[in-house]
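Data block below; observations after.
Values reported hereafter were calculated over all heavy atoms of this structure, with side chains retained and with hydrogens, waters and symmetry mates removed.
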Amino acid sequence: MSAKRPSEIAPKTADALLSWYDAHARALPWRAAPGSNAPDPYRVWLSEIMLQQTTVAAVTPRFAAFVARWPSVEALAAAPEADLMAAWAGLGYYARARNLHACARSVVERGGFPNTEEGLRELPGVGAYTAAAIAAIAFGERAVVVDANVARVVARLFALEQPLPAAMPALRAATDTITPDLRAGDFAQAMMDLGSSICTPRAPHCLACPLSAGCAAYRAGNPEGFPVKRAKPIKPQRYGTIFWAEDAGKVLLVTRPPRGLLGGMRALPTGPWADAPPGLADPPFPAEWQMLPGTVAHVFTHFRLELALAVARADGHVAVGAWWPVTELDSVGLPSVFAKAAAAIRRAT
DNA sequence: AAAACGTGGAA
DNA sequence: TTTCCAAGTTT
């Protein structure tokens, strides 16, 4: 006879989790209301992109602003990319915003979202996790959804010793064995809720966990020991200079190159980012630049940055960028590092 | 496989 | 203060 389907091998885990979810699910803006039909694929997709490496707390107000301004994928596709980039400012990982726009246009061109994991996987910015999540949540497909929460929960359930990220194939296989045929979307969201509230990275609440009876790490008395992770490299320190050019109440802004760090975002002009303070190297235009006392520190994913601040008065607008009223700087949509530097400069001048 | 790619909150 | 980490994707 043929092998049993995974969901028949371990149905109790899914049943216990879904019962817990029915009682404890968070009411999140991108989730369908209880008892309603399947959620809008546009809202599911938008929320999943925003939630990549980003907390629910940070996403919630941004999601509300996006769907209020762009209620449909057609509206988003029709928006100027600069508007979208500015609206994304502060959320980080700006390739997501560039891909969001490209994805919206692709979806509109093809007449709607693909309704399978395989089709979704082809969209820009949609990787293995996001394709599975949308397929399961928006289209009811039995997709195997593995994000950081699921990886942690499953690594503990099976006491998986292999370190991340090399363990991902094994984690997908293990998750496959506990994913139900029905309610796969609820199952995925239940695993994520469990991971965020019960099966937390540190000090998990095993006594409140609906899966503890079948959890190998709990049985071994070491839930915090899983998942095993590769050691992280230390962040190098780099230095740079921000150039603040002001003329008649307006400040000079530039648009950064389309790819790379903060790619495509409006920004204050900067010099090179180097292993030692570069001083006044590579100003946006020649002038009598003055260094302000003090620096602004910022931490990116893979390095720390200490920024010196240089200011100059421009006599007549120099044609090297766009001049924005200083009083309207909040509406520009600057990445956090530049918003932080601008605030420091305005305090100091 | 490993590095690039943001940010802010919690411990 | 430092470290860890969050619904990852792309190259």
Side-chain angles (χ1 to χ4, degrees), chain A residues 26 28-31 39 43-63 85 88-100 102-103 120-138 143 145-153 163-169 171-172 175 185 187-197 199-203 224 227 229-238 256-265 267 273 297-305 333-340:
Chain A
R26 291 177 289 181
L28 299 174
W30 44 87
R31 285 184 179 165
R43 294 167 66 92
V44 174
W45 162 72
L46 178 61
S47 70
E48 288 300 341
I49 301 299
M50 284 188 166
L51 286 160
Q52 289 169 3
Q53 299 289 284
T54 309
T55 59
V56 167
V59 165
T60 298
R62 300 309 200 90
F63 177 82
M85 300 300 289
W88 197 273
L91 268 178
Y93 284 148
Y94 298 100
R96 292 184 295 173
R98 302 193 297 270
N99 286 331
L100 197 74
C103 184
L120 289 158
R121 185 64 182 80
E122 300 305 312
L123 297 172
V126 176
Y129 159 76
T130 304
I134 298 173
I137 296 169
V145 181
V146 183
D147 78 320
N149 289 297
V150 178
R152 184 172 58 256
V153 172
L164 285 173
M168 277 308 292
L171 281 167
R172 286 202 182 87
T175 305
F187 176 80
Q189 294 177 91
M191 289 285 275
M192 294 189 270
D193 277 18
L194 188 79
S196 72
S197 65
C199 195
T200 47
R202 283 166 291 191
E224 272 191 277
K229 292 191 175 183
R230 184 170 55 94
K232 293 180 179 172
I234 59 166
K235 294 179 195 247
Q237 178 73 55
R238 292 189 188 164
R256 293 180 60 81
R259 275 187 263 285
L261 191 69
L262 311 173
M265 298 298 290
W273 294 355
H298 193 77
V299 182
F300 292 105
T301 307
H302 55 295
F303 66 96
R304 300 169 184 283
L305 183 64
L334 291 178
S336 293
V337 61
F338 297 114
K340 191 192 294 186

Rounding to 0.5 Å, atoms CG (Leu120(A)) and CH2 (Trp45(A)) come to a distance of 11.5 Å
Residues at least two apart in sequence or cross-chain that pass side-chain contact (heavy atoms from CB on, under 4.5 Å) with Ala97(A), listed by chain then number, are Leu84(A), Met85(A), Trp88(A)
On DNA chain B, more 5' by nearest nucleotide between Gly90(A) and Pro233(A) is Pro233(A)
Min and max contacting nt of DNA chain B in 5' to 3' order, chain A heavy atoms within under 4.0 angstrom, are dA4(B) to dG8(B)
Next item on the list: For Ile49(A), report the nucleic acid contact type (base, sugar-phosphate, nothing); a contact means any heavy atom under 4.0 Å.
Entry: nothing
By side-chain hydrogen bond (donor to acceptor under 3.5 Å, both in side chains), Ser47(A) pairs with (sequence neighbours left out) none
In 5'-to-3' order, the base (B), backbone-only (S) or no-contact (-) status of each nucleotide in nucleotides 1-11 of chain C, using a 4.0 angstrom heavy-atom cut-off, is --S-SBBBSS-
Asp193(A) meets the salt bridge (Lys or Arg N to Asp or Glu O under 4.0 Å) criterion, sequence neighbours left out, with Arg26(A), Arg31(A)
Sorted by chain and number, sequence neighbours left out, side-chain contact (heavy atoms from CB on, under 4.5 Å) with Pro39(A) holds for Ala32(A), Val44(A), Ile137(A)
Roughly how far apart, to the nearest Å, are dC5(C) and dC5(B) at atom P?
22 Å
Pairwise C1' distance for dG6(B) and dC4(C), with rounding to whole Å: 15 Å
Those residues at least two apart in sequence (or on a different chain) that pass side-chain hydrogen bond (donor to acceptor under 3.5 Å, both in side chains) with Arg96(A) are Thr54(A)
Applying ring-ring contact (aromatic ring centres under 6.0 Å, His included) to Phe63(A) and not counting sequence neighbours gives Trp30(A)
Nearest-Å distance once atom P is located in both dA7(C) and dA11(B)
15 Å
Requested in this report: Using a heavy-atom cut-off of under 4.0 Å over every strand shown, decide if Gly260(A) touches base, sugar-phosphate, or nothing.
Outcome: sugar-phosphate
Per nearest nucleotide of DNA chain B, the residue lying toward the 5' end, Pro165(A) or Arg98(A), is Pro165(A)
Sorted by chain and number, sequence neighbours left out, side-chain contact (heavy atoms from CB on, under 4.5 Å) with Thr200(A) holds for Pro204(A), His205(A)
